[in-house]
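Okay, structure first, notes after.
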Amino acid sequence: MKIVFDEKYGAEKYQYVDWYLPESENFDLLIWFHGGGLESGSRKGIRFAEDLVKNNIGVCSVEYSLYPDAKFPDFIKDGANAVSHCISKMQNYRKSGRTYISGQSAGAYITLMLCLDKRYLTDVNVDRSCIDGYISDSAQTTTHFNVLRERGVPFACERIDEAAPLYFVSDDCDFKALLLLCYENDMPCRVTQNKLLKESLDRHICGKNVVLKVLEGGHGNGSVNRHGI
């Protein structure tokens, strides 16, 4: 396994990625956003990276801005810039392979915002057609609770606005595939939120590209390598 730590994708102090790559020249890539409620967590210590590399899947683990320093949509823009960086750097690391965007909890929220709000990747000149799929592990599909806190709204409220993945469901969704994961004993409302996103997408032409899995366990119990890409 080839490992590259602390590669910069921007000028800010937190804008780093870590790479875990197979030795082969042809492999799939998972761009990964950690969880932590947009206020904690780290790109370090990705437990499943070694297992994915053994299956010829590389991982790029992304650091992004967090509360209290960050404000919406800083962390999503960081995510878009990291994706742009990863795609441009892949010519140095492989000759061919698919590319996926994924994350857990807060990282899954970023994943869904990049998937459904076209502006973020388009604004950094990413060709969205080069993203082969998105994997969301236990995302909040309404406006994130810490974005609500930033606005002075009680964190337990449900809102669907420009900070909610659900807000951007439409007939012209252009992603190739989306896997939604959540858990039987997940955070309050999380299963309902993911079912609502799936059902909303199913009403549009993009629904055929969406799979929802409600798995055993609780929030944070899952990992990408258990479910495949």
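Throughout, residue positions are numbered sequentially from 1 according to the sequence presented.
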I need the minimum non-hydrogen distance between [X] and [Y], along with the two atoms involved.
{"X": "Ala106", "Y": "Gly36", "answer": "CB-N, 4.1 Å"}
{"X": "Val124", "Y": "Ala80", "answer": "CG2-O, 3.6 Å"}
{"X": "Val210", "Y": "Lys198", "answer": "O-CE, 3.2 Å"}
{"X": "Tyr16", "Y": "Lys8", "answer": "CE2-CD, 3.1 Å"}
{"X": "Leu212", "Y": "Asn194", "answer": "CD1-CB, 4.1 Å"}
{"X": "Phe168", "Y": "Met113", "answer": "CE1-CE, 3.9 Å"}

ask   = Got a sec, which residues hit ring-ring contact (aromatic ring centres under 6.0 Å, His included) with Phe27, two or more places apart in sequence or on another chain?
value = none
task = Output all residues satisfying ring-ring contact (aromatic ring centres under 6.0 Å, His included) with His85, sequence neighbours left out; order by chain, then residue number.
result = none
Basic-acidic side-chain contact under 4.0 Å: [X], [Y]:
{"X": "Glu150", "Y": "Arg159", "answer": "no"}
{"X": "Asp137", "Y": "Lys213", "answer": "no"}
{"X": "Lys44", "Y": "Asp6", "answer": "yes"}

If we count only N and O atoms by modelled type, under 3.5 Å, do the side chains of [X] and [Y] hold a donor and an acceptor together?
{"X": "Asn56", "Y": "Ser24", "answer": "yes"}
{"X": "Ser170", "Y": "His204", "answer": "no"}
{"X": "Asn146", "Y": "Tyr109", "answer": "no"}
{"X": "Thr99", "Y": "Arg94", "answer": "yes"}

Could you tell me whether a side-chain N or O of [X] sits under 3.5 Å from a main-chain N or O of [Y], the two making a donor and an acceptor?
{"X": "Glu7", "Y": "Val4", "answer": "no"}
{"X": "Glu199", "Y": "Leu196", "answer": "no"}
{"X": "Lys118", "Y": "Asp172", "answer": "yes"}
{"X": "Asn55", "Y": "Ile57", "answer": "no"}
{"X": "Asp186", "Y": "Tyr183", "answer": "yes"}
{"X": "Arg128", "Y": "Cys115", "answer": "yes"}

Spacing of [X] atom [atom1] and [Y] atom [atom2] [to the nearest 0.5 Å]:
{"X": "Ile46", "Y": "Leu30", "atom1": "CD1", "atom2": "CG", "value": "9.5 Å"}
{"X": "Ser96", "Y": "Asn26", "atom1": "OG", "atom2": "CG", "value": "3.5 Å"}
{"X": "Ser136", "Y": "Leu179", "atom1": "OG", "atom2": "CG", "value": "8.0 Å"}
{"X": "Leu21", "Y": "Ile3", "atom1": "CG", "atom2": "CD1", "value": "9.0 Å"}
{"X": "Lys195", "Y": "Gln193", "atom1": "NZ", "atom2": "CD", "value": "12.5 Å"}

request  = Only counting residues at least two apart or in another chain, list the ones meeting side-chain hydrogen bond (donor to acceptor under 3.5 Å, both in side chains) with Lys95.
outcome  = Glu25
query = Picking from Ile131, Asp132, Asp127, what satisfies side-chain contact (heavy atoms from CB on, under 4.5 Å) with Ser129?
reply = Asp127
message = For Lys176, I'd like to know if atom NZ has over 12 heavy atoms of other residues, nucleotides or ligands within 6.0 Å.
response = yes
More than 12 heavy atoms from other groups under 6.0 Å of CZ on Phe155 = no
request  = Under the salt bridge (charged side-chain N to carboxylate O under 4.0 Å, His left out) rule, collect the residues that match up with Asp171, sequence neighbours excluded.
outcome  = none
For Lys54, all residues meeting salt bridge (charged side-chain N to carboxylate O under 4.0 Å, His left out), sequence neighbours excluded = Glu50
Side chains of [X] and [Y] in contact at under 4.5 Å (non-hydrogen atoms):
{"X": "Asp18", "Y": "Val59", "answer": "no"}
{"X": "Ser200", "Y": "Leu166", "answer": "yes"}
{"X": "Trp19", "Y": "Leu29", "answer": "yes"}
{"X": "Tyr67", "Y": "Val147", "answer": "yes"}
{"X": "Met1", "Y": "Pro22", "answer": "no"}
{"X": "Ile135", "Y": "Leu180", "answer": "no"}
{"X": "Tyr167", "Y": "Thr141", "answer": "no"}
{"X": "Ile160", "Y": "Thr143", "answer": "no"}

If hydrophobic clusters are built from ILVMFWY residues whose side chains come within less than 4.5 Å, do [X] and [Y] share one?
{"X": "Tyr9", "Y": "Ile76", "value": "yes"}
{"X": "Tyr64", "Y": "Phe145", "value": "no"}
{"X": "Leu38", "Y": "Val153", "value": "no"}
{"X": "Ile110", "Y": "Leu148", "value": "no"}

message = Walk me through whether Cys189 and Glu158 qualify under side chain to side chain contact (heavy atoms under 4.5 Å, CB included).
response = CA-CA 9 Å; Cys189 299; Glu158 301 291 339; 3.5 Å; yes
key: Derivation and outcome, side chain to side chain donor-acceptor pair (under 3.5 Å), residues His219 and Ser105   = CA-CA 8 Å; His219 189 79; Ser105 194; 2.9 Å; yes
task = Walk me through it: do Thr111 and Phe33 pass the test side chain to side chain contact (heavy atoms under 4.5 Å, CB included)?
result = CA-CA 8 Å; Thr111 296; Phe33 298 102; 3.9 Å; yes
ask   = When you look at Phe72 and His144, which way does the ring pair (Phe, Tyr, Trp, His ring centres under 6.0 Å) test go after all the steps?
value = CA-CA 10 Å; Phe72 177 85; His144 194 277; over 10 Å; no
task = If a pair satisfies salt bridge (Lys or Arg N to Asp or Glu O under 4.0 Å) and one of its residues is in residues 61-85, list it, with sequence neighbours excluded.
result = Arg43-Glu63
task = Kindly confirm or rule out a cation-pi arrangement of Lys2 over Tyr20, judged by NZ or CZ under 6.0 Å from the six-membered ring centre and within 45° of its axis?
result = no
key: Steps toward side chain to side chain contact (heavy atoms under 4.5 Å, CB included) verdict (Leu201, Cys173)   = CA-CA 9 Å; Leu201 287 166; Cys173 289; 4.2 Å; yes
inquiry  = Is there a side chain to side chain contact (heavy atoms under 4.5 Å, CB included) between Val169 and Arg203? Walk through the geometry before answering.
reply    = CA-CA 9 Å; Val169 174; Arg203 297 177 65 192; over 6 Å; no
key: Trace of the salt bridge (charged side-chain N to carboxylate O under 4.0 Å, His left out) decision for Asp161 with Arg151   = CA-CA 12 Å; Asp161 55 32; Arg151 297 171 175 175; 2.6 Å; yes
